Amino acid sequence: MAKITINAKDVLQKLVKAETESGKAVVQAVNDCADDLLRVSSEIAPHDKGILEKSYAQEVNTNRDQVTVNVQYAVREGNFNYAVQMHEGEYRLGPGSIAKPGTEGMSGTHYNVGNKFLTRPLEGEADTYRKHIRQVLRQVIQKDGQ
């Protein structure tokens with residue numbers, strides 16, 4: 001009969017540390033993506049007085065299994081939300097909007113000023129955002145595995 005004894009304390013401590021570090025890294029990576037989305041959407045939002053571009057709100061919720069970022073724009077005049085109209089509507093851009101050059105997202109894709117200023121970059125950058133989060137997580141796992 002052969003007997004093998006393994007002290008798992010060190011391995012378990014490393015696993016706990018890796019879980020903690022990877023959780024922090026994922027939150028940071030998601031925030032990186034949210035920051036990029038806010039930057040791009042703000043830079044391609046139509047421009048009249050400059051209020052719309054600054055009217056975003058970001059809410060980050062984290063729990064053990066999930067990181068959620070809610071981003072919204074709101075410029076309210078009574079019950080009317082001007083930001084929703086500018087996002088969803090069809091219209092001609094005014095001179096302030098035409099003068100804005102647009103911008104590039106994290107992927108290098110260029111986005112022009114106009115409607116769908118939040119959803120266009122979100123959909124266009126989704127793969128890049130996923131790759132960024134995976135890359136950050138890989139780096140943490142590789143670091144902890146060494």
Side-chain angles (χ1 to χ4, degrees), residues 2 4-76 80-94 96-146:
I4 298 174
T5 303
I6 298 173
N7 183 350
K9 183 178 178 181
D10 290 342
V11 172
L12 293 173
Q13 286 175 337
K14 285 181 181 181
L15 285 173
V16 169
K17 182 183 177 199
E19 181 179 19
T20 301
E21 294 301 316
S22 62
K24 289 177 188 176
V26 166
V27 169
Q28 182 58 54
V30 170
N31 279 312
D32 294 344
C33 297
D35 290 346
D36 184 68
L37 178 61
L38 287 170
R39 178 190 60 78
V40 172
S41 62
S42 178
E43 290 181 19
I44 67 170
H47 178 83
D48 183 23
K49 298 175 185 170
I51 297 168
L52 179 59
E53 294 103 311
K54 299 173 186 167
S55 71
Y56 57 81
Q58 173 184 356
E59 179 184 341
V60 180
N61 297 306
T62 59
N63 65 38
R64 181 168 164 76
D65 300 324
Q66 199 170 349
V67 180
T68 304
V69 179
N70 295 316
V71 175
Q72 68 176 358
Y73 282 78
V75 179
R76 299 202 186 281
F80 178 71
N81 188 341
Y82 173 77
V84 171
Q85 179 60 36
M86 297 310 290
H87 188 270
E88 298 299 323
E90 295 291 329
Y91 47 84
R92 289 181 179 217
L93 296 175
S97 298
I98 292 170
K100 288 176 75 172
T103 193
E104 290 184 356
M106 191 184 280
S107 69
T109 300
H110 184 83
Y111 297 93
N112 292 317
V113 175
N115 67 349
K116 306 291 186 188
F117 54 89
L118 183 57
T119 54
R120 278 187 295 126
L122 177 60
E123 292 167 0
E125 298 296 307
D127 284 342
T128 299
Y129 292 160
R130 279 190 286 274
K131 287 176 185 173
H132 175 69
I133 293 165
R134 280 195 297 259
Q135 176 66 25
V136 166
L137 193 53
R138 264 191 215 106
Q139 288 172 348
V140 170
I141 291 169
Q142 287 173 348
K143 182 182 94 176
D144 285 336
Q146 294 177 350

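We're numbering straight along the sequence, starting at 1. Here the structure is a predicted model, which is why all the values come from computation and not from measurement.
Between Val136 and Gln28 there is no side-chain heavy-atom pair separated by less than 4.5 Å. Looking only at side-chain heavy atoms (C-beta outward), Leu118 and Tyr56 stay at 4.5 Å or farther from each other. Put simply, the side chain of Asp35 reaches to within 4.5 Å of the side chain of Gln58, judged on heavy atoms. Within the 4.5 Å cutoff, no side-chain heavy atoms of Tyr111 are placed close to those of Ser41. Residues Lys116 and Glu88 are in side-chain contact: their nearest non-hydrogen atoms beyond the backbone lie under 4.5 Å apart. Using a 4.5 Å cut-off on side-chain heavy atoms (C-beta onward), Gln135 and Lys131 make no contact.
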Inset, instruction - Go through Tyr82 and Val84 one step at a time and tell me if the side chain to side chain contact (heavy atoms under 4.5 Å, CB included) criterion holds. - result: CA-CA 5 Å; Tyr82 173 77; Val84 171; over 6 Å; no
Legend entry - Residues Asn70, Asn61; criterion side chain to side chain contact (heavy atoms under 4.5 Å, CB included); working and verdict: CA-CA 8 Å; Asn70 295 316; Asn61 297 306; 3.8 Å; yes
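Residues Leu37 and Tyr129 come closest through the heavy atom pair N-OH, 3.3 Å. Between Ile44 and Asn112 the shortest heavy-atom distance is CB-O, 3.5 Å. Of all heavy-atom pairs between Lys49 and His47, the closest is C-CE1, 4.0 Å. For Val113 against Glu43, the heavy-atom pair with the smallest separation is CG2-O, 3.9 Å. Closest approach of Gln85 to Tyr91, counting heavy atoms only: O-CE2, 4.1 Å. Contact between Tyr73 and Ser42 at its shortest, heavy atoms only, is OH-N, 3.0 Å.
Around CZ of Arg76, the count of heavy atoms belonging to other residues, nucleotides or ligands within 6.0 Å does not exceed 12.
Of the options Asp36, Asp32, Asp127, a side-chain hydrogen bond (donor to acceptor under 3.5 Å, both in side chains) to His132 is made by Asp32 and by none of the others.
Rounded to the nearest 0.5 angstrom, Thr68 OG1 and Glu59 CD are separated by 9.5 Å. We find the CD-OG1 distance between Glu104 and Thr109 to be 8.0 Å, quoted to the nearest 0.5 Å. The distance from the NE2 atom of His87 to the CG atom of Asn115 is 7.5 Å, given to the nearest 0.5 Å. The CG atom of Leu93 sits 11.5 Å away from atom CG of Asp48, with the distance rounded to the nearest 0.5 Å.
Judged by distance alone, the side chain of Glu125 and the main-chain N or O of Ser107 form a donor-acceptor pair under 3.5 Å. Under the 3.5 Å distance criterion, the side-chain polar atoms of Asn81 are matched with a main-chain donor or acceptor of Val75.
We find that Glu21 and Lys17 are not joined by a salt bridge, their nearest charged nitrogen and carboxylate oxygen being 4.0 Å or further apart. With salt bridges taken as basic N to acidic carboxylate O contacts below 4.0 Å, one links Glu53 and Lys100.
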